[in-house]
K.L.:
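Take this structure, written in structure tokens, and hold onto it; I'll ask about it next.
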Protein chains: 2
Amino acid sequence: MSLPQLSESTEMYLKAMVELGLSNVVSIGRLAERLNVTPVSANEMVRRLGDQGLLTHTPYKGVSLTDRGREAACDVVRRQRLWEVFLYEHLHIEWAKLYELACSLEHATAPEVTEALAAFLGDPKFCPRGNPIPAADGSFQPLDGRPLSTASVGETVEVLAINATTTDVLKYLQERGILPGQTIRVLEAAPLQGPLTLKVGEKEVALGLSLAEFVIVKK
Amino acid sequence: MSLPQLSESTEMYLKAMVELGLSNVVSIGRLAERLNVTPVSANEMVRRLGDQGLLTHTPYKGVSLTDRGREAACDVVRRQRLWEVFLYEHLHIEWAKLYELACSLEHATAPEVTEALAAFLGDPKFCPRGNPIPAADGSFQPLDGRPLSTASVGETVEVLAINATTTDVLKYLQERGILPGQTIRVLEAAPLQGPLTLKVGEKEVALGLSLAEFVIVKK
DNA sequence: TGGAATAATAAGGTTAACCATAACATTTTG
DNA sequence: CAAAATGTTATGGTTAACCTTATTATTCCA
């Protein structure tokens with residue numbers, strides 16, 4: 001059961017894999033971008049994680065988690081999201097900062113603390129950003145949603161979750177009312193990868209496509 | 001106010017300085033022992049902390065905290081002990097494991113989390129091991145106690161706090177009923193640094209001198 | 001006062017996780 | 001299909017915080 005103790009860096013790579021789609025093949029470039037390291041560094045690190053049997057890398061194609069990697073990754077994500085719940089519901093920490101603050105705690109959390117925390121919180125199923133929390137047994141039901149960036153003009157959709165992690169992006173979305181539960185209508189999509197124009201509540205909001213990728217809406 | 005971000009290792013050295021007596025001059029050997037590193041490593045590290053202005057080192061005498069170091073150290077200890085309270089009172093984690101588990105969390109705790117946690121816990125003044133929790137403003141009132149190892153035969157004392165940190169030592173003491181609040185009578189002290197014989201509750205307990213150093217009793 | 005214990009310093013080694021630059025391979029796209 | 005974009009590999013460099021071994025300095029104590 002207990003894996004041979006993963007480094008903080010390893011955990012970040014695993015978490016990124018889940019956040020970029022648990023079962024997707026992810027390019028090293030995307031991984032590098034999300035983790036804010038150079039592609040060369042990500043390459044190196046991916047080789048290391050590969051050696052540990054946590055993921056497989058098909059050159060020029062991308063990376064995907066092994067079964068062991070998936071298990072470890074879910075555990076990391078579980079800790080991350082449980083802490084988000086705690087920080088939000090009990091410590092009343094600002095929504096946009098949850099990810100960042102929970103992230104540091106996550107790496108420092110022993111299994112017995114994770115489970116005691118889950119019990120304390122009443123086994124929550126979702127984090128405040130709307131993302132599902134993997135169960136203690138490793139089972140994980142990803143959201144059945146798609147990025148807002150793929151919505152067509154005229155569609156009305158409901159926000160399920162925000163997949164962003166950095167405080168500034170989260171703050172930006174929050175300020176525009178783009179939060180889980182919100183209903184959004186796509187008014188216009190500018191050509192050439194231009195921004196979307198959205199109706200969010202009473203307001204009209206322009207949102208760049210790359211930001212819209214972080215907004216997961218109901219299928 | 002906010003210091004330039006201390007490394008985990010730095011925090012451990014600062015914390016050890018507080019635990020070995022906030023205002024004491026501590027030998028590098030003692031420091032090395034408590035931190036489980038070689039004296040050579042501790043020496044190196046002390047030089048680095050000295051360069052950062054956190055402590056001063058008088059060769060062949062020992063190390064003591066500067067004002068800045070004391071402030072930083074109290075902050076670290078505050079976080080440590082607040083987490084101990086949380087883990088104990090809300091997550092019902094085993095008493096002997098509190099230090100170790102809180103220690104990891106401590107390093108990962110941002111100032112706003114610390115203060116929100118303190119508020120959540122109701123600004124506790126003591127950790128479950130009986131040690132005082134430094135206040136948010138940096139003020140810190142060390143216990144007015146002394147190690148049980150300095151008690152004389154025939155004395156009856158009350159345990160104020162346990163200053164040990166490792167799970168095995170804490171478990172050992174707990175199993176023998178040596179916990180904050182307990183009253184202890186010193187029945188005998190063997191010669192040549194031999195063990196103390198104690199009356200703890202109904203039981204007679206033999207306790208090595210080095211373990212008795214971890215038990216802080218009322219003056 | 002002299003030897004033991006303790007402390008300091010020097011020199012060199014290790015590890016994880018990054019970095020840059022450059023050369024080369026493959027894939028995508030216009 | 002060729003050029004641009006993306007990915008890979010090689011080489012060498014950095015940092016923090018340890019390690020070992022060996023030498024030298026100081027302090028303590030009997």
Side-chain angles (χ1 to χ4, degrees), chain A residues 3-17 20 24-64 69 72 76 103-104 106-108 191-193 209-210, chain B residues 3-17 20 24-64 69 72 76 103-104 106-108 191-193 209-210:
Chain A
L3 296 156
Q5 252 280 83
L6 307 171
S7 74
E8 190 158 325
S9 195
T10 297
E11 293 194 336
M12 287 306 285
Y13 277 78
L14 292 177
K15 196 156 65 175
M17 286 298 294
L20 292 171
N24 292 345
V25 175
V26 175
S27 80
I28 290 211
R30 290 243 293 157
L31 211 46
E33 193 185 18
R34 183 158 257 244
L35 293 166
N36 251 296
V37 297
T38 63
V40 176
S41 298
N43 227 295
E44 256 178 64
M45 195 62 187
V46 160
R47 187 179 41 66
R48 276 194 281 264
L49 299 212
D51 293 347
Q52 292 181 251
L54 295 168
L55 45 78
T56 54
H57 176 210
T58 313
Y60 298 106
K61 295 302 174 190
V63 176
S64 54
V76 177
C103 183
S104 332
E106 168 260 296
H107 300 302
L192 295 169
Q193 318 278 33
L209 262 200
S210 47
Chain B
L3 296 156
Q5 252 280 86
L6 308 171
S7 74
E8 189 159 325
S9 194
T10 297
E11 294 194 336
M12 288 306 287
Y13 277 79
L14 293 177
K15 194 157 64 175
M17 285 299 294
L20 293 171
N24 292 345
V25 175
V26 175
S27 80
I28 290 209
R30 290 244 293 157
L31 210 47
E33 193 186 19
R34 183 157 255 240
L35 293 166
N36 250 296
V37 298
T38 63
V40 178
S41 298
N43 226 295
E44 257 177 65
M45 194 64 187
V46 160
R47 188 180 39 68
R48 275 193 282 264
L49 298 212
D51 293 347
Q52 292 181 251
L54 296 168
L55 45 77
T56 55
H57 176 211
T58 312
Y60 299 106
K61 296 301 174 192
V63 176
S64 53
V76 177
C103 182
S104 332
E106 168 261 293
H107 300 301
L192 295 170
Q193 319 279 30
L209 260 201
S210 46

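Below, chain A is the first sequence line, B the second, and so on; all start at residue 1.
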K.L.:
For Leu6(B) and dA16(D), what is the distance between atoms CG and C1' respectively, to the nearest whole Å?
P.N.:
14 Å
K.L.:
Taking atom P of dA16(C) as reference, at what distance in whole Å does atom CG of Leu49(A) sit?
P.N.:
12 Å
K.L.:
Is any side-chain N or O of Arg48(B) closer than 4.0 Å to OP1 or OP2 of dA16(D)?
P.N.:
no
K.L.:
Which heavy atom of Ile28(B) sits nearest to which heavy atom of Pro39(B), and what is that distance?
P.N.:
CG2-O, 3.9 Å
K.L.:
May I ask you to say what Pro59(B) touches in the nucleic acid, namely base, sugar-phosphate or nothing, with a heavy-atom cut-off under 4.0 Å?
P.N.:
sugar-phosphate
K.L.:
Without decimals, in angstroms, what is the distance between Ile28(B) CD1 and dA25(D) P?
P.N.:
18 Å
K.L.:
Write down the distance between CZ (Arg47(B)) and P (dT9(C)), rounded to a whole number of angstrom.
P.N.:
9 Å
K.L.:
OP1 or OP2 of dT6(D) versus the side-chain N and O atoms of Ser27(A): is any pair under 4.0 Å?
P.N.:
no
K.L.:
Could you state the atom-to-atom distance from CE of Met45(B) to P of dT15(D) in whole Å?
P.N.:
16 Å
K.L.:
To the nearest 0.5 Å, how far apart are CD in Gln52(A) and CG in Leu6(A)?
P.N.:
6.5 Å
K.L.:
Whole angstroms only, please: what is the CD-C1' distance between Glu44(A) and dT11(D)?
P.N.:
11 Å
K.L.:
Closer to the 5' end of DNA chain C via nearest nucleotide, is it Gly62(B) or Ser9(A)?
P.N.:
Gly62(B)
K.L.:
With nearest nucleotide decided by heavy atoms, which residue, Val40(A) or Glu8(A), maps closer to the 5′ end of DNA chain C?
P.N.:
Glu8(A)
K.L.:
More than 12 non-hydrogen atoms from neighbouring residues, nucleotides or ligands closer than 6.0 Å to CZ on Arg30(A), yes or no?
P.N.:
no
K.L.:
Any side-chain heavy-atom pair from His57(B) and Leu49(B) closer than 4.5 angstrom?
P.N.:
no
K.L.:
If I compare all heavy atoms of Lys61(A) with all of Val25(A), which pair ends up nearest, and what's the gap?
P.N.:
O-CG1, 4.0 Å
K.L.:
Check this one for me: any side-chain N or O of Tyr60(A) less than 4.0 Å away from OP1 or OP2 of dA5(D)?
P.N.:
no
K.L.:
What nucleic acid atoms does Ser41(B) come within less than 4.0 Å of, heavy atoms only: base, sugar-phosphate, or nothing?
P.N.:
base
K.L.:
Between His57(B) and dA8(C), is there a side-chain N or O to OP1/OP2 distance below 4.0 Å?
P.N.:
yes
K.L.:
From CG of Asn43(B) over to P of dC18(D), roughly how many Å is that when rounded to an integer?
P.N.:
13 Å
K.L.:
Ignoring backbone atoms, test whether Thr38(A) places a side-chain nitrogen or oxygen under 4.0 Å from the OP1 or OP2 oxygen of dC18(C).
P.N.:
no
K.L.:
Can you measure His107(B) atom NE2 to dA17(D) atom P for me and round it to whole angstrom units?
P.N.:
12 Å
